[in-house]
There are 2 protein chains.
Amino acid sequence: MPHPVIAIHAGAGAIARAELSAGREFEIRAALEAALEAGWKVLDADGASLDAVEQAVRVLEDCPLFNAGCGAVFNAEAEIELDACIMAGNGLRAGAVAGLRTVRNPVSLARAVMEHTPHVLLAGAGAEAFARSRGLEPVPPIYFQTIERRQALARVRAGAATADKDRHGTVGAVALDWAGDLAAATSTGGMTNKRQGRIGDSPIVGAGTYADQRVAVSCTGDGEVFLRCNAAFRVSALMELAGTTATQAARRTLALVKRLGGSGGMIAIDKSGAVTMPFNSEGMYRGIRRSNSSVRTGIYREDTQRRLP
Amino acid sequence: MPHPVIAIHAGAGAIARAELSAGREFEIRAALEAALEAGWKVLDADGASLDAVEQAVRVLEDCPLFNAGCGAVFNAEAEIELDACIMAGNGLRAGAVAGLRTVRNPVSLARAVMEHTPHVLLAGAGAEAFARSRGLEPVPPIYFQTIERRQALARVRAGAATADKDRHGTVGAVALDWAGDLAAATSTGGMTNKRQGRIGDSPIVGAGTYADQRVAVSCTGDGEVFLRCNAAFRVSALMELAGTTATQAARRTLALVKRLGGSGGMIAIDKSGAVTMPFNSEGMYRGIRRSNSSVRTGIYREDTQRRLP
């Protein structure tokens with residue numbers, strides 16, 4: 001029986017070493033470890049992969065370093081609009097939300113959509129009203145705002161060459177539990193200076209997030225490209241219909257993303273517990289936790305050769 | 001060189017003969033023919049499949065008989081919220097909109113998103129603001145409202161057994177042009193009594209709408225199920241990776257939809273111009289127009305045996 005495992009990401013991009021101080025790198029690795037531990041605690045206690053990915057993503061949403069929940073990027077109107085999706089491989093159950101402004105943990109509202117409505121995707125004021133009806137306390141929009149993201153908006157508006165870190169930084173998790181069930185979750189603020197109302201790939205089943213009984217996938221990168229090529233579901237389709245491994249499927253999908261002009265990465269776990277984390281950008285914040293090994297986190301490509309899948 | 005062809009649908013469901021008077025059936029067939037002619041005119045004049053599907057869907061949106069644009073269903077707040085998507089197979093270009101309240105032809109705004117923004121999907125107030133910026137005159141919400149759809153909302157609220165026709169009736173078109181390019185478009189008011197902010201499969205690339213260089217697909221039916229199984233893109237994946245025909249791929253996908261508890265149908269055209277229009281409901285409003293044959297429309301299953309693919 002495959003042992004449980006959880007993997008997370010917190011965005012892919014041109015993470016220049018020069019820009020990343022030792023102190024900031026330490027903070028990022030500590031945040032990734034905290035998220036992995038939150039998810040691992042669930043799996044280790046015989047919990048469900050669905051709970052594990054929700055708990056891991058909540059930690060990343062609450063961390064101001066990443067572009068999801070607190071610390072999300074600003075849109076062109078200097079507002080923050082949040083998207084998230086969660087999916088259980090068992091039964092192809094999914095819930096998603098888009099354009100949230102006052103919900104602290106979008107991933108948990110996505111789960112409530114899955115479990116307490118006949119719908120999959122709720123957006124905007126309707127989603128906020130649903131959050132109230134579920135007893136989720138609103139947080140004020142200022143809760144999500146950070147000075148770094150305001151500066152990023154100013155840079156993009158001034159027409160400065162957009163650093164990847166100003167564009168994305170989506171977070172996500174995939175997990176396999178003792179019961180053999182897979183789950184995936186993704187949460188994001190989208191891209192800096194996006195149009196009001198823009199929805200990217202993260203909250204779209206099969207684009208930024210997907211799970212079935214074969215594989216669980218969460219993506220990060222140029223959302224519009226991932227959307228146009230159904231990136232997350234494509235990984236499963238390649239495995240089912242072309243007989244590839246998860247690693248081959250993820251790499252083939254990222255190659256298509258690149259041909260369409262996109263950059264980014266994804267994390268995936270198959271039903272045997274094999275993990276793959278490819279990216280075509282300079283780096284991707286990522287981490288993994290298994291029963292028989294300690295927490296491992298990575299940022300740059302070299303980390304892969306050293307310690308990560 | 002394959003000749004151009006256009007196919008349309010205007011919703012699948014339990015279309016009981018008893019409910020459909022001869023007069024109403026005549027009106028519906030006339031509306032389907034008008035939509036086919038609008039699209040065919042474009043193709044016949046050597047125009048692009050993208051223009052053809054947009055023009056056909058605009059006619060269906062403007063017709064109060066169908067659940068898209070004027071005549072759309074009401075949500076649980078007795079409002080109308082409209083979704084649409086358009087996709088060009090050449091280059092995998094796509095645009096989509098969700099939650100529109102004042103845009104007469106959502107499919108044309110979806111096309112504007114594709115051509116005049118870096119985004120794929122815009123929702124709610126942001127999408128409406130974009131419509132204004134493109135010079136699209138707003139129509140008042142009352143423009144979309146019909147007495148039949150108000151009565152349907154009242155029936156659903158009263159807990160009456162939901163007739164399929166009260167739930168869906170999405171419209172869509174797929175086309176192949178002289179240049180060999182495929183395109184697809186879908187437009188809908190969603191489902192009667194849906195939660196405010198609910199987004200179904202229609203505006204989601206790969207769920208309700210998809211086109212690449214192999215096949216163009218537009219779906220109708222239980223949106224949440226089509227969303228969860230990436231129905232439209234799945235057709236293309238089955239053709240590419242499992243070597244099936246469009247007909248086989250569409251049937252296999254509908255079988256999965258059914259296993260997940262969903263009903264509905266889809267229309268698809270492959271690059272050779274072969275058309276398939278399967279549905280697992282009692283009927284589907286549909287039609288087809290080719291150069292070497294006259295317009296053909298259908299409602300019931302028997303129409304297929306007689307004259308339709």
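Note on naming: letters A, B, ... go to the chains in the order of the sequence lines (proteins, then strands), and numbering restarts at 1 for each one.
Closest approach of L182(B) to I269(B), counting heavy atoms only: CD2-O, 3.7 Å. For the residue pair A94(A) and R228(B), the shortest heavy atom distance occurs at CB-CG, 4.5 Å.
The interface of residues 248-261 of chain A with chain B, defined by heavy-atom distances below 4.5 Å, comprises R252(A), L260(A). Contacts between residues 74-84 of chain B and chain A, defined by a heavy-atom separation under 4.5 Å, are made by no residue at all. Listed by sequence position, P118(A), H119(A), V120(A), L121(A), L122(A), A123(A), A125(A), G126(A), A127(A) are the residues of residues 118-127 of chain A in contact with chain B, using a 4.5 angstrom heavy-atom cutoff. Proximity to chain A among residues 95-112 of chain B is not found for any residue, judged by heavy-atom separations below 4.5 angstrom.
In this model, a donor atom of one side chain and an acceptor atom of the other lie less than 3.5 Å apart for S236(A) and D212(A). Between the side chains of T186(B) and T209(B), a donor-acceptor pair is found at a separation under 3.5 Å.
Contacts between E128(A) and chain B at a heavy-atom distance below 4.5 Å are absent for every atom of the residue. With a 4.5 Å cut-off on non-hydrogen atoms, I204(B) touches chain A through its side chain but not through its backbone.
Counting only heavy atoms from C-beta outward, the side chains of R234(B) and L238(B) approach each other to under 4.5 Å. The side-chain heavy atoms of V53(B) and I86(B), taken from C-beta on, include a pair separated by under 4.5 Å. When side chains are defined from C-beta on, F226(A) counts as touching M266(A), because their heavy atoms get closer than 4.5 Å. Within the 4.5 Å cutoff, the side chain of F233(A) has no heavy atoms near those of the V205(A) side chain. At least one side-chain heavy atom of F130(A) sits under 4.5 Å from a side-chain heavy atom of H116(A). Inter-residue side-chain proximity for N230(B) and Y210(A) is flagged as met; some heavy-atom pair is nearer than 4.5 Å.
Counting only distance, with no hydrogens or angles, the side chain of S49(B) and the backbone of D181(B) share a donor-acceptor pair below 3.5 Å. The main-chain N or O of T245(A) is never found under 3.5 Å from a side-chain atom of D270(A) such that the two would form a donor-acceptor pair. With hydrogens and angles disregarded, a donor-acceptor distance shorter than 3.5 Å links the side chain of R132(A) to the backbone of L136(A). For T170(B) (side chain) and G11(B) (main-chain N/O), no donor-acceptor pair under 3.5 Å exists by modelled atom type.
Here the OG1 atom belonging to T247(B) is positioned 8.5 Å from the CE atom belonging to M239(B), to the nearest 0.5 angstrom. Expressed to the nearest 0.5 Å, how far CG of N90(A) lies from CG of L92(A) amounts to 9.0 Å. In this structure, CD1 in I267(A) is found 9.5 Å from OG1 in T220(A), a value given to the nearest 0.5 Å.
Taking chain B as the reference chain and counting heavy-atom pairs below 4.5 Å, the highest number among C229(A), A207(A), G197(A) is found for G197(A).
With salt bridges taken as basic N to acidic carboxylate O contacts below 4.0 Å, one links R198(B) and E224(B).
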